[in-house]
Number of protein chains: 2
Amino acid sequence: MGEPHTSTELATARLREAILSGELPPGEKLHQDRLAELLGISRTPLRAALTTLAQTGLVSYESNRGFFVREFSFSEVTAAFEVRAELEAMACRLAAANMTEEANRHLSELVAEGDLLLAPGVLLAENLGDYRRMNVEFHSTVMKLSGNPWINTFVHSLHNVPAASDRVIMWHNFKVIERSHDDHHRIARALSNGQGERAAAIMREHILYAMELLKLQLKLYPQDFLRMPIPDKPLKGRRPARNRRLTE
Amino acid sequence: MGEPHTSTELATARLREAILSGELPPGEKLHQDRLAELLGISRTPLRAALTTLAQTGLVSYESNRGFFVREFSFSEVTAAFEVRAELEAMACRLAAANMTEEANRHLSELVAEGDLLLAPGVLLAENLGDYRRMNVEFHSTVMKLSGNPWINTFVHSLHNVPAASDRVIMWHNFKVIERSHDDHHRIARALSNGQGERAAAIMREHILYAMELLKLQLKLYPQDFLRMPIPDKPLKGRRPARNRRLTE
DNA sequence: ATTTGCCTTAATGGATACAAAATGACGATA
DNA sequence: TATCGTCATTTTGTATCCATTAAGGCAAAT
């Protein structure tokens, strides 16, 4: 949805944000009356929003019992990374056969943009949003170049899994970002050379390494599991009781 | 959803069936008033049903314009097969590491069940439903054994793509079925031997060949594209005008 | 003849009111 | 004391009604 201008779409967007940011914690009962009043709308569009979010997988639903913020186990999160790695690797394989002049240029531009943002030797807070946009655009460009729309669809829906999204990156570790962007360089070059398998291998590692980083981060700060909006610096010790079950 | 006992869930199921069976043809406007009356419910649960179907991709939606039966292009259908092949191959790779005694037994049982159903040398009409169930169960068992829930989720949603589902098989060609079931044998054996890559390769071919068959069938009977409920024998020449655009 | 603007009509989006189901508390009973 | 059943309350699910927006037709103007 481009510009949400119906109450339903607005509510959907706000709720998604609230859930991904941890404002609405996992397992929380989504009370229709209260939520509707909170959002200043009636229950009808709210229920519509909850229904779509339920299909997206962000909330769970039981007949006559209501909606709840879905809880994700640790293994589900890592599983999300594994599927993402496979799908985006597949995208590389397919994209290599579809490269055009324009495609090459677009990828090059994105990579160059990243170079610029990293030029200072640190990722400045003011550049963080732009880098994230560039990163998302790079990945989604490759997927679009694959010509297989399902890849994009599914990867997109995996970004709705808390902590499995690109929105989570260890922004405070420059070496990690630098290496990650170097992967982008190599992927773009491999694709432009028609080396699909090679690009796929880099992409797979690119994503699986992000998973390893997440695991590490969670080992260090387990209490923050599943509530990592955009952690430029790690937060500490809130809501310790609630996330126990998530450490599966 | 197990047993639909709310109007919404009932409507969702009925509409899904109506769309996949071609009763509601691609591109058709889904008139809320008329549909609600047709189903004997009010617009509220109908809209809820349409909302979920929109999320699963069976219908499209535009703000203030309404819901339409989604149209799938030829390339989208084949793309669905390709992703399915990749995901189920991945499932094999992972499953090989998780095989237990019980898992082996379950797969063996399914394979044996298939043997029995094919023993007559033809697939009898009365056995068709059972074979289909066995087939679905086999694939979904492998995916569950992978331990990665997303694989099952996504493959399941691909089964909502008309003509990309297991519900479509060339039931009238026994050799094809026999070979397909032989693949099941080999996949089960490879998994039980811990040969994940081998199982994956068979599975990939197993699914991609189904895609080839579909292509062939569509070349022979293009007018039936995207309205193949359970074609035990090919239907002919209905609604010729409507599906033109789908032959991309 | 074609296009533009208005107006009528119809369909969608949302709010409210009502029905049905589940939850929780209380008391009765073993 | 623990357990079961009943009843009151809360919350969900659905129907109906109203508001708002899009669609279509007609007429006027270029």
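Naming convention: chains lettered A, B, ... in sequence-line order (proteins, then strands); numbering from 1 in each chain. Computed from a predicted structure; not experimentally measured.
- Here the C1' atom of nucleotide C:dG13 and the CG atom of A:Leu10 are 14 Å apart, to the nearest Å.
- Per the geometry, CG belonging to B:Asp33 stands 9 Å off C1' belonging to C:dA10, to the nearest Å.
- OP1 or OP2 of D:dA15 has not a single side-chain nitrogen or oxygen of B:Thr44 nearer than 4.0 Å.
- The shortest distance between the side-chain N/O atoms of B:Thr6 and the OP1/OP2 oxygens of D:dT14 is below 4.0 Å.
- A close approach under 4.0 Å does not occur between any side-chain nitrogen or oxygen of A:Thr8 and OP1 or OP2 of C:dG13.
- Among the nucleotides D:dT14, C:dA22, C:dG13, the one closest to the side chain of A:Asn64 is C:dA22.
- One N or O on the side chain of A:Asn148 and one on the backbone of B:Ala79 form a donor-acceptor pair closer than 3.5 Å.
- A salt bridge between B:Arg70 and B:Glu76 is present, with a side-chain N of the basic residue lying under 4.0 Å from a carboxylate O of the acidic one.
- Listed nucleotides: C:dA11, C:dG14, D:dT14. Nearest to the side chain of B:Ser7: D:dT14.
- Following rounding to the nearest Å, B:Leu50 (CG) and D:dT14 (P) show an atom-to-atom distance of 14 Å.
- An OP1 or OP2 oxygen of D:dT12 is reached within less than 4.0 angstrom by a side-chain nitrogen or oxygen of A:Lys29.
- Rounded to whole Å, the distance from CZ on A:Phe68 to P on C:dA22 is 13 Å.
- Ring orientation note: the planes of B:His184 and B:His139 are nearly perpendicular, at an angle over 60° on the 30°/60° scale.
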One pair to check against side-chain hydrogen bond (donor to acceptor under 3.5 Å, both in side chains): B:Thr56 and A:Gln55. What are the steps and the verdict?
CA-CA 7 Å; B:Thr56 67; A:Gln55 286 301 319; 5.7 Å; no
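- At the phosphate of D:dT12, neither OP1 nor OP2 sits under 4.0 Å from any side-chain N or O atom of A:Arg65.
- Nucleotide C:dA19 holds its C1' atom 16 Å from the CD1 atom of B:Ile41, rounded to whole Å.
- Checking A:Pro45 against B:Gly66, the closest nucleotide of DNA chain C that is more toward the 5' end is the one next to B:Gly66.
- Note on A:Gln32: a side-chain N or O is less than 4.0 Å away from OP1 or OP2 of D:dG13.
- Rounded to an integer number of Å, the gap from CG of A:Leu46 to C1' of D:dT12 is 12 Å.
- Checked against D:dT14, D:dT11, C:dG14, the side chain of A:Arg34 finds its nearest nucleotide in D:dT11.
- A donor-acceptor pair under 3.5 Å is formed between the side chain of A:Asn98 and the backbone N or O of A:Leu145.
- Rounded to an integer number of Å, the gap from CD of A:Glu37 to P of D:dT10 is 15 Å.
- Interface remark: the B:Arg43 side chain does form a donor-acceptor pair with the C:dG13 base, using a distance-only criterion of under 3.5 Å.
- Nearest nucleotide to the A:Arg47 side chain, out of D:dA15, D:dG13, C:dG13: D:dG13.
- Atom-to-atom, NE2 of A:His31 to P of C:dT23 comes out at 12 Å; the value is rounded to the nearest Å.
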